[in-house]
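All values below were derived from every heavy atom in this structure, side-chain atoms included, with hydrogens, water molecules and symmetry-related copies excluded.
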Amino acid sequence: MSKLPMIAMLAFLAACKGETPVTPIESDTDTDADSDSDTDTDADTDADTDADTDADSDADTDTDTDADTDTSFCVDDANEDNDDSASALPLPTPSTDLVVLSGDKDFWTISVPPLSSIVIDLSFIHAQGDIDVTLRLNGVQQDSSAGVTNTEQVEFTNWGSTAVDLELEVRVLGTNRCNPYDVVTTVTALPPCVDDNEEENDTDLTAVPLVAPLTGMVVSPVDPDYYTIPIGTNEGIILDLTEAGTNTAGDDLEVRLKDAGGATVDSDLFGPSYELEYVNTGAPQDLLIEVLGDGCMSYDLDYTVVVGPDCTVDDAYENGGNGTIATAFPVTAPDLLTDLRVNAVDEDFFSLSVAPGEILEGLVISDGLFGTPTVSIIDGTGNTVLDTDSAAPFDVSYLNETAAAVDVFVQVEGNSCISYDLDLTSTQGPNCFLADAEEPNNDFATATSLDAATSPLAGLTSSSTEPDYYTINVPDGYAVQVWTVATADDDLFGEPEIKLFVGDPAVNTTAVDTDTLAPYDVSDANVTGGAVVYTAVVTGDGCAEYELHWELIQGPDCGTPDTYDATITNDTYATATSLVGLPQNLTDLNASDTAYDYFTISVPDGSALEAVATPTSLEFGDPDISIYDADPAGGATALDSDTFTPFDVSAPNLSGAAVTYTIEIAPDSCVGYDLLWHVEDCSLDDTSEPNDTAATALSATSGVDLHVTGTSEDYFLIGTAQPGETAVADLTFVHGWGDIDADLEDTTGNDLPGLTGGAGVLDVEHVTWTNTGTTAQDVVLHVFHFGSPACENNAYSFTTSIGISAP
């Protein structure tokens, strides 16, 4: 960018104003007498020789060295006035040193030759004012750019055979802003878009009969394609169109199917594959297919006409009319019944027997073109619906959990006349009415003792009506863990849910632990001072087949000093272990409800102490953790406490001097734990700064060893999501050093609607957003601390991606 003339540059550096041009105005009046106490000869109190009260040598009241009282102003370029569409001017050549002011937009016209594309680039200094641009054709927006860097770019393609004039609007955001800018236009001739063999079919009046399949068809924004298809009464059409060749990324076709009256009956606007359907219930007619393209695009086209079913004619499985349970057609599974027909007044029934432990599954297969089926499994009385489904994929199942075979009926209904296939399958599962090797063990008196058994026990079964009981003797200071592993499909046949009781569940009716979800594990610690008998009860919510696993876990020995408590002396505030010179990760520690652990550390001003206590065995209690700056025994209040996993605390020191903080571990039983701690400088930041706002976002798709603080959030422009694309961001960090959250925003700092994730309580954050709109969207990753901004600082790394989401 070339330099402004000197007078313009001085004016620009002073400030900006939305009037152009503006002549400097002298606005001071100095009429006071020299009665001040300074050593000069004027009447003010500053040490200069003028008659005002500022510290410069001119005669005004501002702090620059010129002789006027400055007001905010800016010098515009010589192309005014082009402040609206009506007064738009041709873009000058060269288009450099242009100036835009707050409240004084620039409007330019730019001619684009026929069959050409243009890229318009603006360059400026973003820090002097955020410039945004909009590109229009005949008043209709074609493109816009609202970035947060030193450039903006818009594009347009003229597919026509004559030149067009575009309008470029340039504006600077905010008040009292002015900013010089340069414009560079790059025009590129388009490669020829060669007509296909079906031309000229560019209008509905010149539509050609579709003789499918067609391959290598070509379409452009000024060269649409139209086809006709005849369709008879009670016929349906399935139209399949697929993009072919090397189409430009982001371009899509617009495919519409219209009836003889011109009404759109189906459409698909997003590729690369397009499928349209229609059923003709009236008189025969010709349908119209319309294909438009965002660019010069090629495609393949095919279709299928399906003759609608005739429900006045019985299918092969009617049994004098199988429309009732009494006339149900007998079948067996597995079997595939094809070419069936059903309607709203003539449902179908099929009868079959399901063996004990067997699961029956039925799937109705229908193209959905002529109507929607509903499939159900009904018991032998016809009164109880065991399962039903009226939405694709139209599947039902039934598991026989009884000791005898059960007769059931599969019922298929239709909201109109539809054709379908019925796929019946069966799988033999476990039979809970056959005793396993540990039976009988369905109560406390007959429970299987695990004391002499070897883990695991295999080939076991359990149901809701026949639970399995297991007992185990647990010594004092040990924990017991018992878990089940499903060996048959637990989604089909039942989950081996487990509960753990102390003694007889009929007496001690409240379980000490319960698990109804895989991996189905329960545990408890015995700290009673003597041996305890525990009972594990396994109950299947169907007929569950499983293995039983168990182990005894020796707990921590709080009677033996750990490494940092060699004489058992750090159990008071006064005898705390100093962390000076010790590793940041202390392992194999123990503390109890009668012998807390205390650790001290000096924290400099402007830093924060952060610590995490991780139990070595979850069964024996929680290492509740707190930070103090005085003796808790004297009534001091904790600066931070945590009694829930992950047991992390932090405390900033903003006192102006170093402070000694104390970490307290105060469990309610004997626990083993590891202590991870560090002291972090509150002001520490990374080299990506300043990127504390959406307006100053750094363009980046990944980063490592970055820092975010309570007063310095981070923003990254991670790319542009096209319609249908999903933006994903993943962060990793140590949650104990501070909870980091994240979200995805637009370039103005507003959360994108419908985003998920980003506010967890682990060492990771995962946040996603899918662009369900029709325009491209710039995506900004916002990383911030959750909690007090006083002194929060944490290191993190991140990765991102933008693309089509997996189905």
Which atom of [X] lies closest to which atom of [Y], heavy atoms considered:
| X | Y | result |
| --- | --- | --- |
| Ser416 | Gly371 | OG-CA, 3.5 Å |
| Pro113 | Val187 | CD-CG1, 3.9 Å |
| Thr332 | Leu424 | O-CD1, 4.3 Å |
| Asn158 | Pro114 | ND2-CA, 3.4 Å |
| Asp489 | Asp491 | OD1-N, 2.9 Å |
| Val708 | Phe784 | CG2-CA, 3.9 Å |

For the residue pair [Y] / [X], report whether a side-chain donor-acceptor contact shorter than 3.5 Å exists.
| X | Y | result |
| --- | --- | --- |
| His766 | Asp730 | yes |
| Thr770 | Thr726 | yes |
| Gln285 | Asp259 | no |
| Ser145 | Glu152 | yes |
| Glu200 | Thr206 | no |
| Ser390 | Thr374 | no |
| Tyr299 | Glu243 | no |
| Thr756 | Thr768 | yes |

Using modelled atom types only, decide if a donor and an acceptor are shared between the side chain of [X] and the backbone of [Y] within a distance under 3.5 Å.
| X | Y | value |
| --- | --- | --- |
| Glu765 | Gly760 | yes |
| Asn343 | Cys311 | no |
| Asp252 | Gly271 | yes |
| Asp490 | Phe493 | no |
| Asp268 | Leu276 | no |
| Asp389 | Asp395 | yes |
| Asp348 | Val342 | no |
| Asp266 | Glu277 | yes |
| Glu167 | Asp165 | no |
| Asp315 | Arg341 | yes |

side-chain contact (heavy atoms from CB on, under 4.5 Å) assessment of Thr281 paired with Thr233:
CA-CA 6 Å; Thr281 58; Thr233 303; over 6 Å; no
Distance, nearest 0.5 Å, that separates [atom1] of [X] from [atom2] of [Y]:
| X | Y | atom1 | atom2 | result |
| --- | --- | --- | --- | --- |
| Asn400 | Ser426 | CG | OG | 12.0 Å |
| Ser797 | Leu706 | OG | CG | 6.5 Å |
| Asn150 | Ser123 | CG | OG | 8.5 Å |
| Thr242 | Tyr274 | OG1 | OH | 9.5 Å |
| Phe716 | Thr800 | CZ | OG1 | 10.0 Å |
| Leu122 | Leu168 | CG | CG | 6.0 Å |

Do Tyr420 and Phe394 have ring centroids that are under 6.0 Å from one another?
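Ring centres of Tyr420 and Phe394 not closer than 6.0 Å.
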When you compare the side chain of [Y] with that of [X], does any pair of heavy atoms fall below 4.5 Å?
| X | Y | answer |
| --- | --- | --- |
| Glu198 | Leu214 | yes |
| Thr109 | Leu91 | no |
| Thr696 | Tyr715 | no |
| Glu290 | Asp204 | no |
| Asp300 | Pro213 | no |
| Leu492 | Leu399 | no |
| Val194 | Val218 | no |
| Leu781 | Leu744 | yes |

Test log, rule side-chain contact (heavy atoms from CB on, under 4.5 Å), inputs Val783 and Tyr796
CA-CA 10 Å; Val783 182; Tyr796 69 96; 3.8 Å; yes
What do the steps show when you test Asp223 against Glu199 for side-chain contact (heavy atoms from CB on, under 4.5 Å), and what is the final call?
CA-CA 10 Å; Asp223 185 20; Glu199 297 293 341; 3.4 Å; yes
Identify, with sequence neighbours excluded, every residue that meets side chain to side chain donor-acceptor pair (under 3.5 Å) alongside Asn197.
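Asn197 satisfies side chain to side chain donor-acceptor pair (under 3.5 Å) with no other residue.
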In chain order, what residues pass the side chain to side chain donor-acceptor pair (under 3.5 Å) check against Glu745, with sequence neighbours excluded?
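Listed in chain order: His782.
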Can you name the salt bridge (Lys or Arg N to Asp or Glu O under 4.0 Å) partners of Glu413, sequence neighbours left out?
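So Glu413 forms no salt bridge (Lys or Arg N to Asp or Glu O under 4.0 Å) with any residue.
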Can you list the steps and then say if Glu361 with Leu363 is a side-chain contact (heavy atoms from CB on, under 4.5 Å)?
CA-CA 7 Å; Glu361 296 177 277; Leu363 173 65; over 6 Å; no
Can you check side chain to side chain donor-acceptor pair (under 3.5 Å) on Thr720 and Asp778, steps first, answer last?
CA-CA 4 Å; Thr720 302; Asp778 289 339; 2.6 Å; yes
